[in-house]
Each structure stands twice: as structure tokens, then as C-alpha cells.
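Remember, predicted model here, so these are calculated numbers, not experimental data. The chains referred to below are lettered A, B, ... by the order of the sequence lines, with proteins before strands, and numbering in each begins at 1.
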Protein chains: 2
Amino acid sequence: MSESIAWIAVDWGTSNLRGWTLNHAGNVLASRNSPKGMGKLTRGEFPAALAELLADIPLTDKTDVVVCGMAGARQGWLEAPYLEAPTDLSGLIKGAVHPESGSDRLTVSILPGVCQKHGGENVMRGEETQLLGLASTLPGYAGLVCMPGTHSKWALLDGTTIKHFTTAMTGEMFELLKTHSVLRHSLNGDLETSARDDGFAAGAADGLDRPQDLLGQLFRVRAASLVSGREPAWCFGYLSGLLIGTEIAANRDQIGGAPVPLIGSPALCDLYAQVLQMAGATGQPVDATEVVLAGLKAARNAA
Amino acid sequence: MSESIAWIAVDWGTSNLRGWTLNHAGNVLASRNSPKGMGKLTRGEFPAALAELLADIPLTDKTDVVVCGMAGARQGWLEAPYLEAPTDLSGLIKGAVHPESGSDRLTVSILPGVCQKHGGENVMRGEETQLLGLASTLPGYAGLVCMPGTHSKWALLDGTTIKHFTTAMTGEMFELLKTHSVLRHSLNGDLETSARDDGFAAGAADGLDRPQDLLGQLFRVRAASLVSGREPAWCFGYLSGLLIGTEIAANRDQIGGAPVPLIGSPALCDLYAQVLQMAGATGQPVDATEVVLAGLKAARNAA
């Protein structure tokens, strides 16, 4: 006989949907993935997408489903109004909204995101839950947390309180420049050579050194291939290093002596850790799935 | 009887082709425009494009055609190898190349561009001729020249010598972000309201204030519409101001007390002049067509 399911944790992002069933001790019993992220669904399609995700999960009793991420966006399943930073993330569950689940068996709570109105307007949805999870994994941590990605978040955390945060469009900028800009002509070829590491180091050094000159230094990707015959792999590495170096330099004066927790894909966190080291700081990669689960648990336990 | 044509000046850019016939005194007799820029032509199509541009020009004798711009690029009509900065632009004509014109009547010289190998790899094609023209219009000018555009050039000029230059991808970045990034969702609507000027001023102030944080401040375009209900015109102005402010801030410490000559479209030069003023400097818009013609003349006279 299978162990009984206490509740279900769901991370509903723009591109993907992930769910975990947990027992009363908070251990994961099973996990499910689906490509049905918020970006692919109309409002009315959310209940069916959730039902489909959980189709083979045997539910006997009425079960709580705690959801974080873009399902709570205005264009998502049901808008969960933002909490405003600074705010104690233990209060996430109090801000949750409850859409019709479309099933007698499921009671859905969608956690809110966090916005910032003063000291730089900003928004996040999903990262706040990872931050709550980090706070429960590293109790008492006070300092900057870096969440590299399409839109990197840098949050100043103090225990479970998010005090301030910023968003750097680093990952999206890399994709835009690589795909649509004049720089793409210099990135066409074999990208998997050791020149890529050299380019990355050179770009990161330039970004750390002159972050105020990103618009100017970007063009070096093109000029280096035209004037110095740099190969595509070098240019690719340079572009990536330059963007990450620039991002880290902008946050450098807020980084203290303690390692900066890095929440994101392992490959990306590795690159950020390299550049943090070049900047005389330290990065500490953290498992992103572990913290989002820890955050969903912490949110539910605060209910 | 029409006045006799001494020579023909041509500015052959990526998108457009412009030609002028001049008399012996250097006055323009007629001008012609065509959309047949380098980007639309294969190598073999250049002679016909030039013939077409000049189709209704009565040429009796063999006539010199002096060309600047992208016709001399590797992917142009015939590659004119770069001069390397620092260099005296009076030497442009000595670096010219001479493609088969396809006509007994036309002798074509394509002027070289300028590259930079030390102190930041860089390239220009076309702007060097404008700079030579500026030097002949403002003899003895020594200082920074700003050429706003898709790829803005900032050149340190000393008489006819270009000492150093940089390229900021400001215009291209604006187009990329407006067209392809997540920010486009905040730029959808009526852009012609007074909120656009307010947004421009706010963005320019932020860019001048924290140029090292461009990747972070860009996201404010999105957050301002989500959190503060900023209208599309404000966001559009903010994005434009932020990029120009950031570009100018990166060059600020090289700008002296003298007005910075601005060579570009009048609308864009106006915006740059506004932001230079916010930065405690002055911009001096210069007619771009006038300087390119002056540059082609100065190059020819140096032959």
C-alpha cells in the first residue's frame, strides 16, 4: 500500500509546470513535469493542465495544492496580488488566492509574487518562494542572494525578510544579441573550443572593470572578429563574460565577505561563481529545486 | 548650357546610396538618392547601381567618383583596407581602392575606413569621412565628437587626426529591446503623448546617475508599467533616455568645456544635446550631409 499524500507542491513557471506529492513528514513521494507553462495556457486551461499533471496520482482525500510562480500573474490562472517589499516572506500564504480547481479533490492556493515600489520599481513571481526556501535552509542568512537567469534577480535577504531587490536582464540580453544583433555575424561557427573560455575571461574582466561602458564594450565582440580575427567561440565567450561581469560589477559594492548564494541552473551558477571570484568575492551554488520545494513547504507550514 | 561637372561625391551606406555632382569650385550641382545600399547588393551589382543613380546626369568627360562608406567593406564592392587609428584622415585618399566602374566615363575611388587595434578594438566606415569634413569645417578643433545612430561613434579628434574612438550599440539596442524583448509589452500603445518627454527625462537621469547598472535599470521599463501603471509613451521615453544617458555617462569624463559636435539625424542630435545638458555639458548639432560632403571634398583635395 502506497504512503498517503499529505499535500502537493507546484512550481508553475512561464515555460514549465512541475509538481511534487509529499507525505506528512514533508518528504517527496513523487514528482511530475509538464511543458504546460503559463505562457502556453489561456486562463480556462489551467485546471485541465493541473489534472493532466496529476492524472496518475492516486488521491483519496481532499488535497491541498500550493502553487508558486507565474500561475498567479495577471495573465495566469488567477491573479495573486503582489506583496510589497520590504516584506516577511513567511506571509506568502496569507496573500494566496484560491482559483476553482475544477476537481472535488484539489484545493488550490496560489502564492503571491513580490513587488517593489520605492527604491526602483520591480517585480518577481516564483523567486520569492525560492528565497523563503533559502531562508529555511540557511536560517539567519543576511545578505545578497543572486538568482541568475533570463532575468537575474539580486535580493537582499535578512532571515525570511526580503528587504530590496533588483532584476538584471542579462540572460535575455544575451539571447537578443546572439540572435538578432549585428554581433550574431561574429558568433557563427564552432562554439565548443577552448577559445570560448579565454573569451569568457576577457569579457568578464572588461565587464568588471568598466561596467558603465557596456554599450561600448559590446561592440568589441564584432570588432575583435573583424580586426583581430577572433574566432566565434572566443566572441561567444566574450559576450557571455562581458554581460555577467557587468551585472556582477553593478552589485559588487553590496556583496560582503560571506559567500553569495547562487540559485539557478548549475551551468549558469558555475559561470557566476567564476566571475564572483574574479571580483574578489565568493559564490555558493544552491540547488534550485531544493529551495523551491523548501519554500513551498515553509509557506504551507506558516498557514 | 549646364555648368560642367568636375567630379562626383558618393556616400554609399548600408541602407542608402547618395550622390552629388560638383563643379570645379566644389559647389553641388545636383544630388541623387537611391535605396540601393550595400546591404541590398551583391558584389557584381555595384556598377549597375551607380550607373542607375547617375542615369540622368550628362557626363561628357571621364569623371572621378569619390566614394565613402560601406561600399569599401569586405562584403561591399571592393574592400578598402582600414587605416589604423591614430591616423591623419588627410591620408584617406591614399588608401583608396579602385574597382572596375563598368563605364568608360567613371573612375571610382573608394575611401578606406578606420580600425583600431590597441586601446579597444574598433572599426568605422563612413564616419571617418564625416570627421575629416568636420575638421575642415571647424579647423583646429580638438576634442570629442559624438555621432549618434544605430552604432554611435565617439571619436577623439585633433585637427584632421583621429586619435581614438569607441562605438556604442545604443540605437541597435533600442530597436532590439523595443522589438524583441519582454519590454515590448510595456511599449504597446499611443507613444505620442507628453508622458514620453517625462519618461525620457527620468530615463536619462537614471542612465547618467548609474550607467554601471544598465542591465538592472532596463527592467524598470517593465516594472514601471506593471507596478506604477506607467503608460507606453512614458516607458518608450524612459527606455530611450536610459540608453542615451548611459552612453553619455560612459563618455562624460572625456568631455571638456567646449561644445561636443553632434553628427547625426537632427531628431537624434536634439535628444543627445538634451542629455548632454543634463550632464553639465553642451552639444552642438552639425549637419551630417554637409560634413560628409566636406569630407569627400577634403579627401579629394588631398590627392
Study note, to complete from the structure: When every non-hydrogen atom of A:Val227 is compared with those of B:Asn122, the smallest separation belongs to CG2-O, 3.6 Å
Point to revise | Check against side-chain contact (heavy atoms from CB on, under 4.5 Å), A:Arg222 and B:Thr167 | key: CA-CA 11 Å; A:Arg222 184 76 186 128; B:Thr167 303; over 6 Å; no
Check your understanding: Between B:Met173 and A:Leu177, is any pair of side-chain heavy atoms under 4.5 Å apart?
Key -> yes
Check your understanding: Using non-hydrogen atoms only, which part of A:Glu175 is less than 4.5 Å away from chain B: side chain, backbone, both, or neither?
Key -> neither
Check your understanding: chain B heavy atoms under 4.5 Å from A:Thr166: which part of the residue, side chain, backbone, both or neither?
Key -> neither
Point to revise | Which atom of B:Leu176 lies closest to which atom of A:Ser181, heavy atoms considered | key: CD1-CB, 3.8 Å
Check your understanding: What residue in A:Gly207, A:Gly120, A:Ser228 has the most heavy-atom pairs under 4.5 Å with chain B?
Key -> A:Ser228
Exercise for review: Go through the steps for A:Phe219 and B:Glu172 under the test side-chain contact (heavy atoms from CB on, under 4.5 Å), then give the verdict.
Suggested key: CA-CA 11 Å; A:Phe219 192 71; B:Glu172 179 166 9; over 6 Å; no
Review point. For A:Leu214, is it the side chain, the backbone, both, or neither that has a heavy atom closer than 4.5 Å to a heavy atom of chain B?
Key: side chain
Review point. Given the options A:Leu226, A:Val182, A:Leu183, A:Leu243, which has more heavy-atom pairs under 4.5 Å with chain B than any of the others?
Key: A:Val182
**Study point:** Neighbour count above 12 (heavy atom, 6.0 Å) for A:Lys40 NZ
**Key:** yes
**Study point:** Shortest non-hydrogen separation from A:Asp213 to B:Ala250 and the atoms involved
**Key:** OD1-CB, 3.7 Å
Review point. Considering only heavy atoms, which portion of A:Met169 lies under 4.5 Å from any heavy atom of chain B: side chain, backbone, both, or neither?
Key: both
Exercise for review: Carefully, step by step, assess B:His180 and A:Thr179 under the rule side-chain contact (heavy atoms from CB on, under 4.5 Å).
Suggested key: CA-CA 10 Å; B:His180 298 289; A:Thr179 311; over 6 Å; no
Point to revise | Part of A:Glu247 lying under 4.5 Å from any heavy atom of chain B | key: both
**Study point:** Under 4.5 Å from any heavy atom of chain B - which part of A:Ala224
**Key:** both
